[in-house]
Amino acid sequence: MGKSGKTRRAALLVGALLVGIVGCQKQEGPAEKAGKDVDKAAEKVGQQVEKVGNSIQDAAKGDKK
C-alpha cells in the first residue's frame with residue numbers, strides 16, 4: 001500500500017470518527033432549555049440580592065453609594 005492509500009484510509013477514519021462524535025451529541029429538549037433559563041434567572045436574582053445587601057450594609061455604616 002502506497003502513501004496515498006494510507007492517507008485515504010486515515011482521512012476516512014478521521015471522517016468516520018467526526019461523524020460519530022457529532023451524531024452522539026445530546027440534543028437539548030424544551031425541559032433542558034427551560035431549566036437553563038431558570039438557572040440564569042436565579043443567578044441574576046442572586047446577584048441583585050447581593051447588591052441590595054451590600055447597599056443596606058453601607059447605609060447602616062453611614063456610607064452612601
Side-chain angles (χ1 to χ4, degrees):
M1 186 176 289
K3 189 174 183 179
S4 67
K6 287 182 182 180
T7 303
R8 284 185 195 155
R9 287 177 68 185
L12 287 173
L13 179 62
V14 169
L17 289 173
L18 288 175
V19 168
I21 290 171
V22 170
C24 290
Q25 288 182 346
K26 182 181 173 189
Q27 298 295 319
E28 279 189 0
E32 286 89 359
K33 290 179 184 176
K36 285 185 179 182
D37 289 342
V38 169
D39 290 344
K40 288 178 186 176
E43 185 177 337
K44 287 181 181 179
V45 168
Q47 290 171 354
Q48 293 301 319
V49 168
E50 187 175 344
K51 285 181 183 179
V52 169
N54 289 338
S55 294
I56 291 171
Q57 285 179 346
D58 291 343
K61 292 178 187 175
D63 298 336
K64 289 189 177 182
K65 285 190 176 182

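Everything numeric here is computed off the predicted structure, so don't read it as measured data.
Other cluster members for Val52: Ile56, joined by side-chain heavy-atom distances under 4.5 Å among Ile, Leu, Val, Met, Phe, Trp and Tyr.
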Side chains of residues 39-51: which donor-acceptor partners sit under 3.5 Å, not counting sequence neighbours?
none

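Taking 4.5 Å as the limit, every side-chain heavy atom of Leu12 sits out of range of all side-chain heavy atoms of Arg9.
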